Amino acid sequence: MEALEEMVGTSPVMCAVFDSIRKVAQTDMPVLITGETGTGKELIAQAIHERSRQKQGPCVPINCGAIPDTLLESELFGHERGAFTGAVQQKRGKLEAAADGTLFLDEVGDLLPPLQVKLLRFLQEGTFERLGGQRTLRVNARIIAATNVDLKLAIDKNLFREDLYYRLGVMHIHLPPIRDRGEDTTLMAMIFLKRAAVFYRKPIRGYTSEAINAIHSYSWPGNVRELSNKVRRAVVMAEGDDITPRDLDLTCETLQPEDSLASLRAAHRRIEVELIVKAISLHRGNLTRVARDLEVSRTTLYRKLRAYKLEALVSTGAPRSAPLRIA
Ligand SMILES: Nc1ncnc2c1ncn2[C@@H]1O[C@H](COP(=O)(O)OP(=O)(O)OP(=O)(O)O)[C@@H](O)[C@H]1O
Ligand SMILES: [Mg+2]
């Protein structure tokens, strides 16, 4: 299935996103895709590539956050023989591999400043040198970048170059979290349920009204990925015809607004959950960084993750009165 067809959504915000995908796909300009973890940034990058003029070419992904800083330049731009100890032969980087196609720079916010300069030059002039190389190379590759960190904040902290941000973000697609997509969440929950029921061969008809309400009031910090995982889990766990809140196990739901007045303890809990979820998303589950950011020890962090039932995060609307069934 094509990536764009795979994407579920009928809310106005998502229709605007689909529209942007079709429009930017027609151009060769760089695209910046932003959004919280699990909102579909990679799927969108694929959708753009599949509809672009470079669709016959490769779509080469590179995750700038997952590669050690010392290796990233060579991974991205390649190196010449002898460029560093161990560089026994010349190597082409991902940028060259993406020739006549698309380079998908995931977690672009993790690029260190010297590489940001090199990327900016490529975007402006289409040229670069391999690590340790003198020869200037030219490659025709479209750049699509994605990030789930706030690049404006990174600019304020001098971690990200403003000129690169504007160059990358001429075409900017922002994916809203699913809690801002209205009925799309229910729609996705139904579609994922249908698929999982077929896959696990379980005769499940739909959701109880309580389950739908739980889906609506949960904050979905892990967005579509979390929704899809929770639905799959629910299908496996379900014993009845309809999925219940218990099958879904949305135990780390953020507290309702009225709870914030209930007690200091509830308010404290809500703030802690919010901050922890944000930090985990920002650091993509790297608990050492999360603990450092929140200024707690890893032991304390683990204890809180357990207490708030947030462990699952690391490893990986309107109320209704009737059950919702697969049509
Ligand atoms: N609108 C959608 N409809 C259906 N499935 C979707 C939609 N958006 C995303 N998905 C699915 O959700 C999962 C997460 O999407 P994806 O990997 O693109 O998110 P991401 O924003 O890149 O996340 P991260 O920031 O964690 O890398 C994938 O399995 C993807 O296919
Ligand atoms: Mg991704």
Side-chain angles (χ1 to χ4, degrees), residues 1-22 24 31-51 59-67 94 102-111 143-151 154 168 172-196 198-199 215 218-235 277-287 289-290 310 312-316:
M1 201 185 341
E2 267 193 29
L4 193 57
E5 269 78 76
E6 193 181 325
M7 298 195 76
V8 180
T10 55
S11 60
V13 272
M14 285 312 284
C15 288
V17 166
F18 299 147
D19 212 35
S20 301
I21 293 176
R22 291 190 190 94
V24 304
V31 185
L32 177 65
I33 307 170
T34 55
E36 289 179 12
T37 183
T39 45
K41 297 183 293 294
E42 182 150 7
L43 200 55
I44 288 215
Q46 245 175 345
I48 295 173
H49 173 76
E50 285 169 4
R51 304 201 147 226
C59 182
V60 179
I62 175 165
N63 187 330
C64 306
I67 299 170
K94 300 278 187 194
T102 303
L103 180 71
F104 175 49
L105 278 174
D106 206 355
E107 297 311 325
V108 72
D110 284 347
L111 270 188
I143 303 285
I144 302 183
T147 178
N148 57 17
V149 302
D150 186 344
L151 286 182
L168 277 176
H172 181 180
I173 299 182
H174 179 70
L175 278 168
I178 63 174
R179 59 185 170 277
D180 293 342
R181 296 189 200 176
E183 283 298 310
D184 277 2
T185 310
T186 322
L187 184 65
M188 283 190 278
M190 285 309 287
I191 290 172
F192 296 157
L193 175 63
K194 230 175 187 171
R195 287 186 200 152
V198 170
F199 186 83
I215 287 173
Y218 184 64
S219 65
W220 299 109
N223 292 290
V224 188
R225 183 181 298 113
E226 185 185 14
L227 176 63
S228 150
N229 287 341
K230 291 277 190 200
V231 170
R232 241 181 298 152
R233 173 192 188 280
V235 168
V277 167
K278 257 197 197 141
I280 290 175
S281 158
L282 186 69
H283 296 299
R284 303 174 61 81
N286 181 327
L287 292 187
R289 289 194 200 172
V290 171
L310 292 171
L313 269 185
V314 179
S315 55
T316 64

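Order of listing sets the numbers, starting from 1, for every ligand and every atom in it. Worth saying up front: this structure is predicted, and the values here are computed from it rather than measured.
- The backbone N or O of R22 lies less than 3.5 Å from no partner atom in the side chain of R51, so there is not a single donor-acceptor pair.
- When only non-hydrogen protein atoms are considered, atom 1 (N) of ligand 1 lies nearest to V8 O, 3.0 Å.
- Between G40 and ligand 1, at least one pair of N/O atoms sits closer than 3.5 Å.
- Shortest contact from atom 27 (O) of ligand 1 to any protein heavy atom: R284 NH1, 3.6 Å.
- For atom 17 (O) of ligand 1, the nearest protein heavy atom (residue, atom name, distance) is R225 NH2, 3.2 Å.
- Where the criterion is an N or O separation shorter than 3.5 Å, residue side chain and backbone included, M7 fails it with respect to ligand 1.
- Nearest residue to atom 11 (C) of ligand 1 from V224, D106, N229 is V224 (criterion: closest heavy atom).
- F18 approaches L4 most closely through the heavy-atom pair CD2-CD1, 3.9 Å.
- Per-residue contacts place E6 under 4.0 angstrom from the following atoms of ligand 1 (heavy atoms of the residue considered): 3 (N), 4 (C), 31 (O).
- Of the protein's non-hydrogen atoms, the one nearest atom 23 (O) of ligand 1 is G38 N, 2.9 Å.
- At a 3.5 angstrom cut-off on N or O pairs, F192 does not count as close to ligand 1.
- Counting heavy atoms closer than 4.0 Å to ligand 1, residue N148 contributes side-chain atoms (C-beta onward) but none from N, CA, C or O.
- With sequence neighbours excluded, the residues satisfying side chain to side chain donor-acceptor pair (under 3.5 Å) with E107 are R284.
- Annotation: side chain to side chain contact (heavy atoms under 4.5 Å, CB included) contacts of A146 (sequence neighbours excluded): I33, K41, F104, D106.
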